[in-house]
Number of protein chains: 4
Amino acid sequence: MVATNERRAREKARRRQEILQAAKEVFFEQGFHQATVDDVSAHAQVSKGTIYLYFESKESILAHLLLEGLALLYTQLTAACSASQVTAEECLWRLARAYLDFSQNNPQYFRLMMAFDRGRFREQISPDLYEQILAQSMASLDLVTQAVRQGIQDGDFDCDDPQLAAGALWAALNGVLVLMANPLRRQMLAVELEPMFEVTMKLVIRGLRRSADR
Amino acid sequence: MVATNERRAREKARRRQEILQAAKEVFFEQGFHQATVDDVSAHAQVSKGTIYLYFESKESILAHLLLEGLALLYTQLTAACSASQVTAEECLWRLARAYLDFSQNNPQYFRLMMAFDRGRFREQISPDLYEQILAQSMASLDLVTQAVRQGIQDGDFDCDDPQLAAGALWAALNGVLVLMANPLRRQMLAVELEPMFEVTMKLVIRGLRRSADR
Amino acid sequence: MVATNERRAREKARRRQEILQAAKEVFFEQGFHQATVDDVSAHAQVSKGTIYLYFESKESILAHLLLEGLALLYTQLTAACSASQVTAEECLWRLARAYLDFSQNNPQYFRLMMAFDRGRFREQISPDLYEQILAQSMASLDLVTQAVRQGIQDGDFDCDDPQLAAGALWAALNGVLVLMANPLRRQMLAVELEPMFEVTMKLVIRGLRRSADR
Amino acid sequence: MVATNERRAREKARRRQEILQAAKEVFFEQGFHQATVDDVSAHAQVSKGTIYLYFESKESILAHLLLEGLALLYTQLTAACSASQVTAEECLWRLARAYLDFSQNNPQYFRLMMAFDRGRFREQISPDLYEQILAQSMASLDLVTQAVRQGIQDGDFDCDDPQLAAGALWAALNGVLVLMANPLRRQMLAVELEPMFEVTMKLVIRGLRRSADR
DNA sequence: GATGAATGAGCGTTCATTCAT
DNA sequence: CATGAATGAACGCTCATTCAT
């Protein structure tokens, strides 16, 4: 019965998505450590055992959420700079803006990504899964690297190592987004995210330009 | 008996320091989650109950360690740019370098700081303590702001909002240090911390300069 | 269709045997508690649900394995003393030796038998199955009883109650085999199974002889 | 405060005994595997955590119960054969009878001992504890060995290896006690424990005698 | 008959915190 | 002040069994 098999596979994929969605909500609501697998199963309206039919462990669920978030980010970044006839500088601005938007529209995914490097996380998921995540996150960075490379080719940027420059830009942006993610800190700094973002980008992009254009 | 009271207070402070020191060693050795209060009390050679005479909770101990780390960082930053007769730009370089050194020499403290904004940390300590930490971390940022302000005053920098610029510089640096803290990521980027640091600082500082000097 | 029914029955019996065989391999490999029904079903290449079409429970499978073991033992005992023209004493020796061999060649079956009386086993299988097992194990004992009876008839043994004497011999042998099944105990006793077996049998058989022959 | 320390130690020992006693009752009522640590803690009227203050694991509790049982048996065996002016044969009878009595008066301890060699028990307690148990059980066997040796010295027994003979006697007795521990089996055999015991002992002891005395 | 997805009760162990002494 | 015995809630994961298809 081909039809049956197909439907089964569809059902299974759907169920998996439901669990992932439930886990997302629960983890984001309570935090990963606070949340229990019971919470997730209750929220997904399946039994606890079912969870383990679809995921190896609690950590594995988190990893798959992360992959989802990274894929979403990658899609939005790709969309942002796909416009033809755009200068490299404009492309960098669009990528950065897309990242900013992503962090604001999907703060939970963003927090997840920022938390990724920390903790015993690495030791608790399969090495394979871990590398997938790293690879996926590097894919996004590559978009930035491409733009920088384009700028050099076009003679707009003065830069020895595009990879390095892209990393610096990315890191700077990350730093801003993380710093400003804390409301109390924003308050003490007496600065909002938007101006901070603008300033940082301006600083870095100006630094990239050929001396004559700065 | 004033003398007695004083001695008592001294004793108490000393005991508190011993516990904090023990906790530092235990937490840094095993990680905060892995380590137990029993471990700390054993290491401090006091009973478990005593721990709770000096600290409200396990998280509170961590928070106080964080305060210690921030104080240490502040000290080192102050030392770095205290030299008179130094240009603002040089001062920024020194501050950045001092921060870099701190992150490398005290990776555990650094991780603690980076982890601070995340997690349920905020909800697990007293608001008062939380604000202390924020204030302390802002003090370091102020050193950067002062340097930028000096640069503007000296006519070296072209910048509307020193606070904003300092925040941008700080955030960028943070981003780099966090990004490069992950070995596997360093490997995938095929870049070492030092060049990344240099490039980022150059980019940002160039961006700060008056157009003519860029 | 008689033929069809027959084939169906044959098929069913074969499938049942396959499951039993798979269970045997899995249980013997991993131990009963360690092994899961999933392991068995995977090994038997049937679905987990199918297992329960053929057996009531995990414990029931074990019970049927036990029956198999007992049947095997009975076969080997029968073979051992079937030779005509053999004295009762020689027959007892052969039975004992066959039991010893069985315990060494099928240690897993033997352990299963020894474990039978203990544990909650009795309460976890149907009373019917339980009695089957007891009856089957008694069948083997009957072979011993027959030999003793023969010895009395032949005037070789001096014994009031053949059943009792057979039980005693059997029990003694069991005791030896169980005692010596533990390697560390063998080591502490500084005795090997073979001499212990010989001594025990000699003691008991001598005790059976008419005074004049002892 | 010496008095305080002493009282504390006493209290601690008493609490430990209470837990052990509760565990004994619970394990014997429900069987070791069925019983949960919750059951034990409820029965002992302490919290579950307290259990783990006194014992490393569930298995460790069992091991200590076993040690207790073995010590009790040893005491009773020692008492049984301590009478002066008793022949070796009489001594063996007394030891055997004491063992029989023990198995009847402390059936739970006895079952525990019989179950000891089986299962994953060995791997779940500390090697040290495991050896203690073996040593303690060997101590009892030594009493039998001494009696046999005495019999040889007195010229009553004809036996090359006292250790071996003692082992054989002990094993035979064990075999009988285990065999007869099952009511249904007793029923099928149509024999009671007492006659079986007598017969077995007579057989074995007769086998030990010098030919002339048999 | 056969499947395999779903169930959900069950468990040993840990550990931050409290409190009587 | 200091102790350390006692607490008890919490948790990730398993697995024998069921049942709709």
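Naming: A, B, ... by sequence-line order, numbering from 1 per chain. Only a predicted model underlies this, so the values are computations on that prediction, with no experimental measurement involved.
- The CZ atom of D:Arg16 sits 15 Å away from the C1' atom of F:dA5 (whole-angstrom rounding).
- Contact annotation: A:Thr50 side-chain N/O to E:dT7 OP1/OP2 distance is under 4.0 Å.
- Geometrically, A:Lys58 does not engage A:Tyr52 in a cation-pi contact, judged by NZ or CZ lying under 6.0 Å from the ring centre and within 45° of the ring axis.
- Side-chain atoms of C:Gln136 and C:Glu68 include no donor-acceptor pair closer than 3.5 Å.
- Between D:Asp38 and D:Val46, the residue anchored closer to the 5' end of DNA chain F is D:Val46, taking for each the nucleotide with the nearest heavy atom.
- For the atom pair CD1 (B:Ile19) and NE2 (B:His64), the distance works out to 11.5 Å, reported to the nearest 0.5 Å.
- The 5' end of DNA chain E is approached more closely, in terms of each residue's nearest nucleotide, by C:Gln45 than by the other of C:Gln45 and A:Glu11.
- Heavy-atom nearest nucleotides on DNA chain E were determined for B:Gly49 and for D:Ala35, and the one closer to the 5' end corresponds to D:Ala35.
- If you check distances only, the side chain of B:Lys58 never reaches the base of E:dT17 with a donor-acceptor pair under 3.5 Å.
- Taking atom CZ of C:Arg8 as the reference point, atom C1' of E:dG1 lies 9 Å away to the nearest angstrom.
- Between D:Tyr52 and F:dT7 there is no side-chain polar atom (N or O) within less than 4.0 angstrom of OP1 or OP2.
- Regarding A:Lys48, its NZ atom lies at a distance of 13 Å from the P atom of F:dA10, rounded to whole Å.
- Rounded to whole Å, atom C1' of E:dC11 lies 15 Å from atom NE2 of C:His33.
- Contact annotation for A:Ala42: no contact, since no heavy-atom pair falls under 4.0 Å across all strands.
- For the residue pair A:Thr50 / A:Ser47, a side-chain donor-acceptor distance below 3.5 Å is found, with atom types taken as modelled.
- The environment of CD in D:Gln21 is crowded: more than 12 heavy-atom neighbours from other residues, nucleotides or ligands sit within 6.0 Å.
- Among the heavy atoms of the strands lying under 4.0 Å from D:Tyr54 are primed sugar atoms or P, OP1, OP2 only; no base atom is included.
- Between C:Glu59 and A:Ser57, the one whose closest nucleotide on DNA chain F sits nearer the 5' end is A:Ser57.
- Residue D:Ser41 is out of contact with every strand shown, counting any heavy-atom pair closer than 4.0 Å.
- Atom CD of A:Glu56 has 12 or fewer neighbouring heavy atoms from other residues, nucleotides or ligands inside a 6.0 Å radius.
- Rounded to whole angstrom, the span from the CD atom of A:Gln30 across to the P atom of F:dG12 amounts to 11 Å.
- Looking at heavy-atom distances under 4.0 Å, C:Leu53 makes contact with a base.
- Remark: C1' of F:dT14 and CD1 of A:Ile51 are 14 Å apart, rounded to the nearest angstrom.
- Phosphate contact (OP1/OP2 of E:dT3, side-chain N/O of C:Ser47, threshold under 4.0 Å): present.
- For C:Arg15, no side-chain nitrogen or oxygen approaches OP1 or OP2 of E:dG1 to under 4.0 Å.
- Per the geometry, CD belonging to A:Gln34 stands 11 Å off P belonging to F:dG12, to the nearest Å.
- The distance from atom CZ of B:Arg10 to atom P of F:dC1 is 13 Å, rounded to the nearest whole Å.
- Side-chain atoms of D:Lys12 and base atoms of F:dG4 include no donor and acceptor less than 3.5 Å apart.
- In a base pair of the Watson-Crick type (N1 to N3 plus N6-O4 or O6-N4) or a G-U wobble (N1-O2 and O6-N3), with each distance short of 3.5 Å, E:dT17 is matched with F:dA6.
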